There are 2 protein chains.
Amino acid sequence: MRLVIARCSVDYIGRLTAHLPMAPRLLMVKNDGSVLVHADGGSYKPLNWMSPPCRLVEADGQWTVTNKAGEQLVITLEDVLHDSSHELGIDPGLVKDGVEAHLQVLLAEHIETLGDGYRLVRREYPTAIGPVDILARDPAGSAVAVEIKRRGEIDGVEQLTRYLELLNRDPLLAPVRGVFAAQEIKPQARTLAQDRGIECLVLDYNAMRGLDNSADRLF
Amino acid sequence: MRLVIARCSVDYIGRLTAHLPMAPRLLMVKNDGSVLVHADGGSYKPLNWMSPPCRLVEADGQWTVTNKAGEQLVITLEDVLHDSSHELGIDPGLVKDGVEAHLQVLLAEHIETLGDGYRLVRREYPTAIGPVDILARDPAGSAVAVEIKRRGEIDGVEQLTRYLELLNRDPLLAPVRGVFAAQEIKPQARTLAQDRGIECLVLDYNAMRGLDNSADRLF
DNA sequence: CCGTTAATCTCGTAA
DNA sequence: TTACGAGGTTAACGG
């Protein structure tokens with residue numbers, strides 16, 4: 001990894017065009033050729049960048065980074081205040097927990113969260129347009145399709161609606177009810193769901209973890 | 001901005017929990033207190049990070065970064081290979097061009113792209129669930145609602161469908177036809193649109209720019 | 001390789 | 001402040 005602090009101007013020409021006026025910034029050149037231009041603020045997203053695979057040509061105080069699609073990042077350097085290189089090696093990578101997949105496992109394990117007498121049919125129930133998160137049967141034996149989100153927004157309701165439309169064409173399943181389950185459900189999503197006869201269910205992640213069988217945990 | 005190259009392990013406890021084993025990495029500490037942990041590969045996203053506003057406490061080879069929500073990033077340093085600080089000042093910021101807003105302006109200016117005899121009613125035509133990109137009248141005087149995307153995907157068709165449902169409740173407008181306009185329309189989106197009687201229109205950004213009245217340009 | 005979906009999304013804008 | 005849509009989204013996963 002090479003780190004350069006320099007006054008520079010940057011132009012990106014690709015999916016859009018963008019320009020950064022001359023100012024002091026950090027240029028990070030990674031081992032895979034990718035280049036990141038960072039300012040001393042903002043969040044983790046660089047002001048401008050080129051993703052790998054790409055090629056960096058340095059000539060006459062100007063860096064030209066090109067990728068296979070012909071997108072270009074042109075960096076013009078005026079004053080170089082710092083320039084150092086470092087060998088880091090390959091990173092062992094990140095281990096995560098707490099995302100939608102885990103919510104799905106937890107709800108499948110504790111399907112009674114939907115109500116007493118519910119039975120799990122399966123997780124990732126396949127359909128022509130993709131898998132439904134959970135398919136279950138209610139105490140009366142009717143099919144119930146569950147869409148799980150960390151944050152329940154309008155797109156998730158649309159997604160569940162498409163699944164329900166398809167599942168209800170299957171005479172072995174119909175009628176299929178929908179349940180929209182999320183840690184947090186936005187008001188607009190809730191309104192749309194209710195308008196379509198879809199039940200909303202707020203999941204308590206920590207409470208469900210508390211019920212969790214530790215042998216089955218993802219981590 | 002402070003740049004540290006060090007062997008470190010990192011733990012994030014917040015919206016999820018995540019762990020990085022001990023390995024050499026770049027630690028970037030920005031002026032606003034935010035911290036980025038970068039490896040020598042991957043793309044512009046750091047392996048782990050804390051967004052501002054947050055506070056960094058350094059004690060005994062361990063950095064603890066905490067934000068207002070109580071999320072924590074704990075970095076344990078083993079070997080510090082590099083440590084330097086640099087004053088960059090406030091960045092003047094980025095200038096962009098080529099996005100959806102510009103497509104909307106261009107199509108409104110050249111409404112005949114929809115067909116001969118079309119007339120613009122207005123851009124950003126307001127409805128209860130948000131503005132429709134363009135409302136127009138066809139040569140017969142019927143209302144036409146246009147949804148514009150850079151890339152036409154299934155979500156955009158859903159969005160236009162919701163607008164059409166609402167607009168068609170207005171007796172002064174109904175019946176309202178839909179046009180889904182984009183630089184590129186994905187097959188699934190096209191299929192869904194056709195299924196719903198929505199016309200698809202592929203926009204040629206460069207050709208429309210060529211027609212553009214230069215006095216009205218955004219840039 | 002393509003399509004779909006999630007994301008500690010980020011980032012802007014408007015109500 | 002919140003909500004919503006767009007993103008050079010990026011990244012992961014499955015067919």
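Residue numbers begin at 1 in each chain, while the letters A, B, ... track the order of the sequences. Keep in mind that this is a model prediction, so the values were computed, not measured.
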| message | Under 4.0 Å, counting only non-hydrogen atoms across every strand here, what does A:M50 touch: a base, just sugar-phosphate, or nothing? | response | base
| message | Ring centres within less than 5.5 Å and planes less than 30° apart: is that true of B:Y44 and D:dT10 in this structure? | response | no
| query | Whole-Å distance between D:dC13 P and A:K96 NZ? | reply | 10 Å
| Ignoring hydrogens and geometry, is there a side-chain-to-backbone donor-acceptor pair from A:K96 to B:A18 under 3.5 Å? | no
| task | Give A:E153 one of three labels, base, sugar-phosphate or nothing, depending on what nucleic acid heavy atoms sit under 4.0 Å from its own. | result | nothing
| task | Please lay out, stage by stage, how B:E158 and B:R196 fare under the test salt bridge (charged side-chain N to carboxylate O under 4.0 Å, His left out). | result | CA-CA 10 Å; B:E158 296 286 13; B:R196 295 186 176 169; 3.0 Å; yes
| remark: Looking only at C:dA6, D:dA6, C:dT8, the nucleotide nearest the A:K149 side chain is C:dA6
| said: Measuring from the side chain of A:K45 (C-beta onward, heavy atoms only), which nucleotide among C:dC11, D:dA6, C:dT8 has the closest atom? | reply: C:dC11
| Of all the choices, D:dG5, D:dA3, C:dC11, which nucleotide is nearest to the side chain of A:P187 once you look at every atom? | D:dA3
| task | Starting at atom CG of B:L36, determine the distance to atom P of D:dT10, rounded to an integer number of angstrom. | result | 17 Å
| task | Find the distance A:K186:NZ to D:dT1:P and express it as a whole number of Å. | result | 15 Å
| task | Kindly assign one of parallel, tilted or perpendicular to the pair B:Y44 and A:Y44, based on the angle between their ring planes and the thresholds 30° and 60°. | result | tilted
| request: Could you measure between the two C1' atoms, the one in C:dT8 and the one in D:dG14, and give it in whole Å? | output: 24 Å
| query | D:dG5 P sits how many Å from B:Y163 OH, rounded? | reply | 7 Å
| request: With the side chain of B:S51 defined as its heavy atoms from C-beta on, choose the nearest nucleotide among C:dA6, C:dT8, C:dT10. | output: C:dT10
| said: Are the side chains of B:L107 and B:D133 in contact, using a 4.5 Å heavy-atom criterion? | reply: no
| A:I154 has an atom CD1; how far is it from atom C1' of D:dA6, in whole Å? | 15 Å
| request: Go ahead and write out DNA chain C as dot-bracket, 5' to 3': ( ) for pairs within the strand, [ ] for ones crossing earlier pairs, | when the partner sits on another strand, dots for unpaired; Watson-Crick or G-U wobble, both distances under 3.5 Å. | output: |||||||.|||||||
| Taking CG from B:D32 and P from C:dC11, how many angstroms apart are they, rounded to a whole number? | 11 Å
